[in-house]
Amino acid sequence: MTNETWGQIREGLIHRVGKNNYTTWIEPLRLSQLRNGVARFEVPTSFFGDWVQRNYADQIRSQLVHAGAPVDRLEFEVGAEAPRPDSQVTDSRAAEARAPEARTAAPTARPAARRAAAEDDLPGAPLDSRFTFDSFVVGKPNELAHAAARRVAEGGPVTFNPLFLYGGVGLGKTHLMHAIAHDLRQNRPDLRVLYLSAEQFMYRFIQALREKQVMDFKSLFRSVDVLMVDDVQFIAGKDSTQEEFFHTFNALVDQNKQIVISADRAPGEIKDLEERIKSRLQCGLVVDLHPTDYELRLGILQQKVEYYRSQYRGLVIAPGVLEFLAHRITTNVRVLEGALTRLFAFASLVGREITLELTQDCLADILRASDRKLTIEEIQRKVAEHYNVRLSDLIGPKRLRTIARPRQVAMYLAKQLTSRSLPEIGRRFGGRDHTTIMHGVRKIEELAATDSQLADDLQLLKRLLQG
Ligand code: ADP
Ligand code: MG
């Protein structure tokens with residue numbers, strides 16, 4: 001059998017392994033020898049050979065047998081003509097692949113220590129050791145996200161793919177993803193877990209393009225068991241990165257590998273993200289981290305205080321201080337934490353009890369910022385952006401439905417989210433009469449009761465505006 005005949009035979013594998021996997025793993029294989037029941041292929045790197053051996057050997061063999069070639073074993077050798085400059089990552093993994101037991105053992109049967117060593121090769125971001133499930137306070141706004149993350153962290157069979165976590169900044173998305181990674185490393189050291197931000201994914205990809213190591217990049221990302229990509233909204237509008245992300249995503253889903261994604265908004269709301277990616281992201285479980293409520297904030301503060309007490313001994317907090325903070329700092333958990341850190345540092349420096357008065361002094365700027373009033377202009381700008389209409393049209397006289405509806409939404413939000421009176425709002429909408437504003441507000445209230453798309457829009461906008 002020649003390499004050309006193999007060229008025809010291998011095409012039968014397209015529908016068995018999928019187009020993506022076919023292009024990445026099957027097409028580059030060159031049949032160099034077929035003798036004594038052994039089919040020998042040339043591959044670009046030994047990692048490549050190892051990967052094909054582990055994942056596609058059976059399919060390739062049966063395809064060959066089907067075509068009349070009596071093959072019972074496949075062998076791979078690194079192509080002699082075009083040795084590729086292996087990256088460090090590929091080198092150490094190639095060394096691993098050459099070890100005799102690694103050749104025959106199934107991936108999951110490999111000893112944990114060996115696997116843990118290989119973990120160092122993964123180009124992931126470092127994990128924050130404080131971001132564990134133990135330190136994550138669960139409340140109504142995040143209970144669903146927490147439960148889903150726990151499920152993934154068990155490392156059992158994949159039940160939903162991907163897990164898509166979204167919500168505003170500082171609500172715990174990164175914390176939950178790190179917690180998943182910590183737990184998996186502890187409980188399932190056999191799994192290759194890769195966590196990184198979408199920005200790092202892009203950076204790696206561009207680097208691979210530049211250094212002509214796209215194949216290594218692909219191999220690496222397709223070889224993980226759990227892939228977590230944080231802040232995926234970052235790749236919106238970055239076309240070649242999106243494309244590569246899409247292929248990586250599909251290849252892993254095809255192999256039934258768990259994927260966890262986070263973003264600052266729902267998949268459908270991410271601008272400049274390709275439709276096919278949006279719809280893929282929506283296929284799994286999409287969970288929303290809601291803005292914190294008072295109880296959750298208080299719970300988080302109480303937990304952090306335990307931690308700070310162990311750091312700054314002898315500190316005393318007057319009753320009511322934590323409640324005051326939970327009540328006043330509503331933006332996000334990161335700000336809340338920052339406030340507490342500063343408060344403790346200050347109090348320990350001056351050696352005073354943390355009273356309400358000291359708190360107000362020490363945190364004056366943070367408290368003032370949290371107090372910030374939302375303006376009608378901000379609402380108008382966000383609404384215009386959301387519906388993709390011009391700000392001048394939103395305020396101006398046009399009566400087109402595509403503009404009039406967003407305008408009414410903005411009126412409604414201005415009434416709901418600010419303390420401005422109807423005449424005041426009217427003035428900001430190009431000098432309209434207060435009855436026009438009232439009509440707009442009522443109209444949206446009515447519609448939102450039956451139109452779920454509109455209700456979703458309102459919810460999203462409120463969330464974006466209130467941070
Ligand atoms: P995001 O990725 O959603 O922007 P992070 O996960 O970085 O937010 O969280 C910001 C900070 O708030 C982190 O220090 C994190 O530990 C803390 N945090 C957020 N939610 C919680 C929670 N429910 N319990 C404890 N800490 C939390
Ligand atoms: Mg984050």
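Numbering of ligands and ligand atoms starts at 1, following listing order. No experiment lies behind these values; they were computed from the predicted model shown.
Near Val137, meaning under 4.0 Å from one of its heavy atoms, ligand 1 places the atoms 22 (C), 23 (N), 24 (N), 25 (C). Counting atoms of ligand 1 from 1 in the listed order, those under 4.0 Å from a heavy atom of Lys304 are 26 (N). Ligand 1 places these atoms under 4.0 Å from at least one heavy atom of Val169: 4 (O). In the vicinity of Gly172, heavy-atom distances shorter than 4.0 Å reach the ligand 1 atoms 1 (P), 3 (O), 5 (P), 6 (O), 8 (O), 9 (O), 19 (C), 20 (N). Set against the non-hydrogen atoms of Asn142, the atoms of ligand 1 under 4.0 Å away are 23 (N). Near Ser135, meaning under 4.0 Å from one of its heavy atoms, ligand 1 places the atoms 24 (N), 25 (C).
Without hydrogens or angle criteria, Asn142 side chain to Gly139 main chain gives a donor-acceptor distance under 3.5 Å. A donor-acceptor contact shorter than 3.5 Å is absent between the side chain of Asp216 and the backbone of Ala208. For the pair Gln408 (side chain) and Ile437 (backbone), a donor-acceptor distance under 3.5 Å is absent.
With respect to Glu295 and Lys140, no salt bridge is recorded, no charged nitrogen being found less than 4.0 Å from a carboxylate O.
Annotation: atom 2 (O) of ligand 1 to nearest protein heavy atom, Thr174 OG1, 2.7 Å. The closest protein non-hydrogen atom to atom 27 (C) of ligand 1 is Val333 CG1, 3.7 Å.
Ring pair Phe245/Phe205: centre-to-centre distance not below 6.0 Å.
Under the 3.5 Å distance criterion, with hydrogens and angles disregarded, no donor-acceptor pair is assigned to the side chains of His182 and Gln186.
Considering backbone and side-chain atoms alike, Gly170 places an N or O below 3.5 Å from some N or O of ligand 1.
Taking the centre and axis of the six-membered ring of Phe246, the NZ or CZ atom of Arg276 falls inside the cone set by 45° and 6.0 Å.
Ser262 lies apart from the Mg ion (ligand 2) in this respect, since none of its N, O or S atoms is found at a distance under 2.8 Å.
Contacts between Glu337 and ligand 1 below 4.0 angstrom, taking non-hydrogen atoms only, involve the side chain exclusively.
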Q) Is there a side-chain hydrogen bond (donor to acceptor under 3.5 Å, both in side chains) between Ser262 and Asp230 once you walk through the steps? A) CA-CA 5 Å; Ser262 87; Asp230 207 349; 2.4 Å; yes

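Considering Lys173, His175, His178, Arg334 only, the shortest heavy-atom separation from atom 15 (C) of ligand 1 involves His175.
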